[in-house]
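Note on naming: letters A, B, ... go to the chains in the order of the sequence lines (proteins, then strands), and numbering restarts at 1 for each one.
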Protein chains: 4
Amino acid sequence: MQASHSSDKQDAAVSRTFTESARRAQIVAAAIEVIAEVGYGKASFARIARHAGLSSTGMISYHFAGKDDLMREVVAEVLRVAEAYMRPRIEAHSDFPGRLRTHIESNLALLVEYPKHLPALVEVLSNIRGESAGMSEFVGATEEMNRVLAERLREGQRAGAFREFDAEVMVHAMRGAIDEVVGRAAREPDLDVTACGRELAEIFDRATRKTAM
Amino acid sequence: MQASHSSDKQDAAVSRTFTESARRAQIVAAAIEVIAEVGYGKASFARIARHAGLSSTGMISYHFAGKDDLMREVVAEVLRVAEAYMRPRIEAHSDFPGRLRTHIESNLALLVEYPKHLPALVEVLSNIRGESAGMSEFVGATEEMNRVLAERLREGQRAGAFREFDAEVMVHAMRGAIDEVVGRAAREPDLDVTACGRELAEIFDRATRKTAM
Amino acid sequence: MQASHSSDKQDAAVSRTFTESARRAQIVAAAIEVIAEVGYGKASFARIARHAGLSSTGMISYHFAGKDDLMREVVAEVLRVAEAYMRPRIEAHSDFPGRLRTHIESNLALLVEYPKHLPALVEVLSNIRGESAGMSEFVGATEEMNRVLAERLREGQRAGAFREFDAEVMVHAMRGAIDEVVGRAAREPDLDVTACGRELAEIFDRATRKTAM
Amino acid sequence: MQASHSSDKQDAAVSRTFTESARRAQIVAAAIEVIAEVGYGKASFARIARHAGLSSTGMISYHFAGKDDLMREVVAEVLRVAEAYMRPRIEAHSDFPGRLRTHIESNLALLVEYPKHLPALVEVLSNIRGESAGMSEFVGATEEMNRVLAERLREGQRAGAFREFDAEVMVHAMRGAIDEVVGRAAREPDLDVTACGRELAEIFDRATRKTAM
DNA sequence: TATGAATGAGAGTTCATTCAT
DNA sequence: AATGAATGAACTCTCATTCAT
């Protein structure tokens with residue numbers, strides 16, 4: 001009873017934190033495209049607003065606490081899409097090597113399906129420094145993903161599916177190799193991304209495989 | 001003695017490109033450090049000038065034709081250092097797998113020795129788009145390096161030292177994996193870069209190795 | 001509602017060119033005064049902003065696509081005023097010599113009425129070279145005016161109202177003579193511009209008149 | 001005796017005021033060309049130095065007290081050349097109308113002969129305001145010339161060679177008409193300047209001629 | 001919710017001029 | 001007499017953000 005007369009304003013603000021308004025989603029979508037196309041450095045509010053069909057940058061500032069906030073949402077959105085796309089494909093396999101290959105291949109299949117999402121993610125993450133508060137949060141999000149992946153590799157090692165190696169380094173090697181394809185795809189539109197995926201999968205399959213005796 | 005009545009536009013700075021005054025070198029060095037520390041996006045002339053102990057940004061414009069020119073020099077300097085460092089180490093080996101391992105390990109040893117150079121290189125190259133004329137020149141320089149490396153891998157394949165794989169993709173996978181370590185090293189000062197080098201070398205040795213029969 | 005996903009470059013300022021916000025008009029007015037007072041070379045955004053009571057030069061950049069855009073608007077505004085002032089006065093006459101005299105006299109009457117407009121016009125046009133794209137457009141506008149005027153002179157010749165002469169040269173002679181008065185008026189505030197107008201009218205009346213036989 | 005041990009430095013400075021060093025002449029020549037080609041606004045020391053084959057702008061500052069000083073010398077040089085070219089041609093005539101015609105035609109013949117001099121003069125004079133001390137001096141120089149020319153016209157009037165008119169206005173009308181041709185010639189390289197001269201001469205002959213009775 | 005004008009800081013660049021050599 | 005590095009101010013322009021409506 002007592003709490004029920006909290007102002008509408010407050011409610012709206014709170015709910016917005018969780019429920020993305022349509023405008024927010026639209027702006028995030030525009031941001032992803034602009035970042036992918038012109039790079040983080042030139043992805044100004046002005047450009048994003050124009051791309052989204054908005055008449056002013058004030059609109060963006062109104063819906064987001066600041067540039068950090070928008071970028072966090074961009075990263076979150078891409079991770080959400082990536083998770084939804086990759087997880088079922090990976091989990092369709094039960095063997096460790098199969099999951100590893102699928103991780104790589106579905107990651108690059110995602111690049112084919114959503115050509116702007118991963119480039120935007122790479123742009124943002126590689127241009128963000130631990131400068132402002134809210135930033136580290138979603139840098140951590142990807143580090144968390146890497147840690148989870150490393151843990152899976154270690155499970156595979158314990159299960160005898162993989163040889164001994166530094167899982168941390170292996171994960172980052174995969175990360176780097178995949179991101180490089182993402183970058184190349186932007187510069188070379190004719191690049192056969194799917195073929196790159198198969199090659200990378202082969203590379204890391206061999207890199208993790210137990211040596212034949 | 002005769003006045004150069006034509007071609008006013010092309011500047012006398014051309015010859016200066018080769019003379020390399022001490023100031024230019026100092027500014028390039030400051031630029032490398034600033035870029036490595038705060039990233040390409042925040043590496044403004046003001047910051048670089050301050051870091052170099054210069055009183056104004058005009059000083060940089062005086063010595064360089066523009067930001068492009070400075071960045072080109074940054075890239076050239078890093079490539080020069082990298083070449084001088086890595087080439088003799090690689091050429092100390094005569095076998096293909098040894099050269100491959102050494103390529104990776106000396107690359108990361110370079111990162112230990114000159115902790116700012118490679119981060120600066122990665123920052124610049126990943127933030128440059130084919131925008132302003134003279135840029136593509138040194139984007140092409142690194143592509144050339146990749147092409148050369150790929151050719152070496154193909155030689156190894158023809159010599160029977162490596163299995164069959166797409167040399168292009170392999171090179172970029174290495175590139176990406178190494179650059180990822182470069183990026184990590186900036187964020188995690190305690191990272192054992194040398195160990196990462198050994199691991200990566202192992203990874204790509206196995207990835208390229210002929211399958212035991 | 002649909003976002004304009006293409007043509008990011010072309011700005012929304014296009015429509016603003018016609019809407020003519022009050023601010024734009026105010027800035028143009030300030031620009032005209034500043035240019036007339038200190039000359040094109042010293043008419044910086046800073047000076048214009050100060051004159052217009054604006055807090056920053058960014059304000060001008062906000063309302064105009066660039067210095068070119070502002071200058072184009074300055075020229076357009078002056079031409080608009082000149083047209084509105086001179087045309088009815090000229091068309092009040094039906095004879096060719098009368099129109100010629102009125103062209104000159106109303107042009108200088110305009111200088112008396114709006115003492116900054118013509119000086120600003122002359123400053124801008126004489127300091128613009130075919131440099132930056134959109135400029136040539138309104139340089140052409142004045143050339144068009146000269147061409148129209150020359151055509152009228154030729155009509156007069158065909159109608160037997162004028163002697164034979166090179167209409168092109170005559171028009172430019174008038175142009176130059178009038179602009180010279182505009183320049184003098186700026187340097188000599190006590191100059192009797194109206195009297196100058198009468199004298200110029202007499203000069204060009206005699207210069208175009210058929211020789212008495 | 002007492003005065004004879006004034007320092008060499010002082011002497012050199014004094015003599016330089018009157019005796020133009022070769023360097024000064026070279027710089028003035030370069031300045032004239034640059035101003036004519038790119039306009040006063042873009043005729044920076046840097047551009048002039050480059051055009052003159054000098055390695056730095058310091059050279060110009062060394063030889064001239066400042067930009068004003070250089071510009072004054074530019075004006076003086078052009079006036080010197082103009083005087084030497086036009087005076088004998090004008091004085092070859094003894095009748096007032098002939099001198100008037102020749103004044104105009106030789107002025108434009110000068111433009112054909114020295115295509116950069118008059119454009120430079122017009123550029124400088126129309127972009128100089130009564131700002132800094134030494135400037136008004138040579139603005140006055142041309143005003144003096146106009147005054148002299150006006151006086152000649154009045155002589156002609158007293159001698160019955162010309163009709164009654166405001167000599168001041170007439171002189172400036174000629175000035176303006178001629179300068180307009182100078183300006184046009186820069187924009188329209190194919191313009192027949194000599195023909196323009198003949199037309200202008202005719203125009204002002206008729207404008208000053210006594211009405212046939 | 002939404003708008004778009006306003007702000008002020010900071011960007012790269014050019015400028016005329018100074019000064020030690 | 002000449003050099004060219006250095007200076008500091010000014011330039012146009014872009015940026016993220018704020019605010020009154």
For a side-chain contact (heavy atoms from CB on, under 4.5 Å) check, start with the C-alpha distance between B:His51 and B:Glu37, then their side-chain angles and the critical distance, and finish with the verdict. CA-CA 11 Å; B:His51 195 91; B:Glu37 283 162 17; 4.0 Å; yes
Can you figure out which of E:dA6, F:dT7, F:dT3 approaches the side chain of D:Ser55 most closely? F:dT3
Below 4.0 Å: OP1/OP2 of E:dT14 and any side-chain N or O of D:Ser44: no
Side-chain N or O of C:His63 versus OP1/OP2 of E:dG4: is the shortest distance under 4.0 Å? no
Could you go step by step and tell me if A:Arg129 and B:Glu123 meet the salt bridge (Lys or Arg N to Asp or Glu O under 4.0 Å) rule? CA-CA 12 Å; A:Arg129 299 299 233 251; B:Glu123 277 290 324; 3.0 Å; yes
Please figure out whether A:Gly58 or C:Ala46 has its closest DNA chain F nucleotide nearer the 5' end. C:Ala46
Should the side chain of B:Tyr62 and the base of F:dA5 be counted as holding a donor-acceptor pair, with the cut-off at 3.5 Å? yes
Report yes or no: is there a donor-acceptor pair, N or O only, under 3.5 Å between the side chain of A:Thr57 and the base of F:dT17? yes
Distance, rounded to the nearest Å, where D:Asp69 contributes CG and E:dT18 contributes P: 12 Å
Rounded to the nearest angstrom, tell me the gap between atom NZ in D:Lys67 and atom P in E:dA16. 4 Å
Any A:Ser61 side-chain N or O less than 4.0 Å from OP1/OP2 of F:dA16: no
Atom-to-atom span, CZ of B:Arg50 to C1' of E:dA11 - whole angstrom: 13 Å
Identify the two heavy atoms, one from C:Val38 and one from C:Ala43, that lie closest to each other, and give their separation to 0.1 Å. CG2-N, 4.1 Å
Rounding to an integer number of Å, can you tell me how far C:Ile60 CD1 sits from F:dT12 C1'? 10 Å
Distance, rounded to the nearest Å, where B:Arg47 contributes CZ and E:dA9 contributes P: 17 Å
Counting Watson-Crick and G-U wobble pairs only, both distances under 3.5 Å, name the nucleotide matched with E:dT14, or none. F:dA9
Atom of D:Ala36, atom of D:Pro119 and distance for their closest heavy-atom approach: CB-CB, 4.0 Å
Length of the line joining A:Phe64:CZ and F:dT18:C1', which is rounded to integer Å: 18 Å
Report the residue (C:Phe45 or B:Met59) whose heavy-atom-nearest nucleotide on DNA chain F is the more 5′ of the two. B:Met59
What is the separation between atom CZ on B:Arg23 and atom P on F:dG4, rounded to the nearest whole Å? 16 Å
Find the distance B:Ile27:CD1 to F:dA6:P and express it as a whole number of Å. 8 Å
C:Arg24 (side chain) donor-acceptor with C:Phe64 (main chain) under 3.5 angstrom: no
For F:dT21, which nucleotide in any strand shown is its Watson-Crick or wobble partner with both distances under 3.5 Å? E:dA2
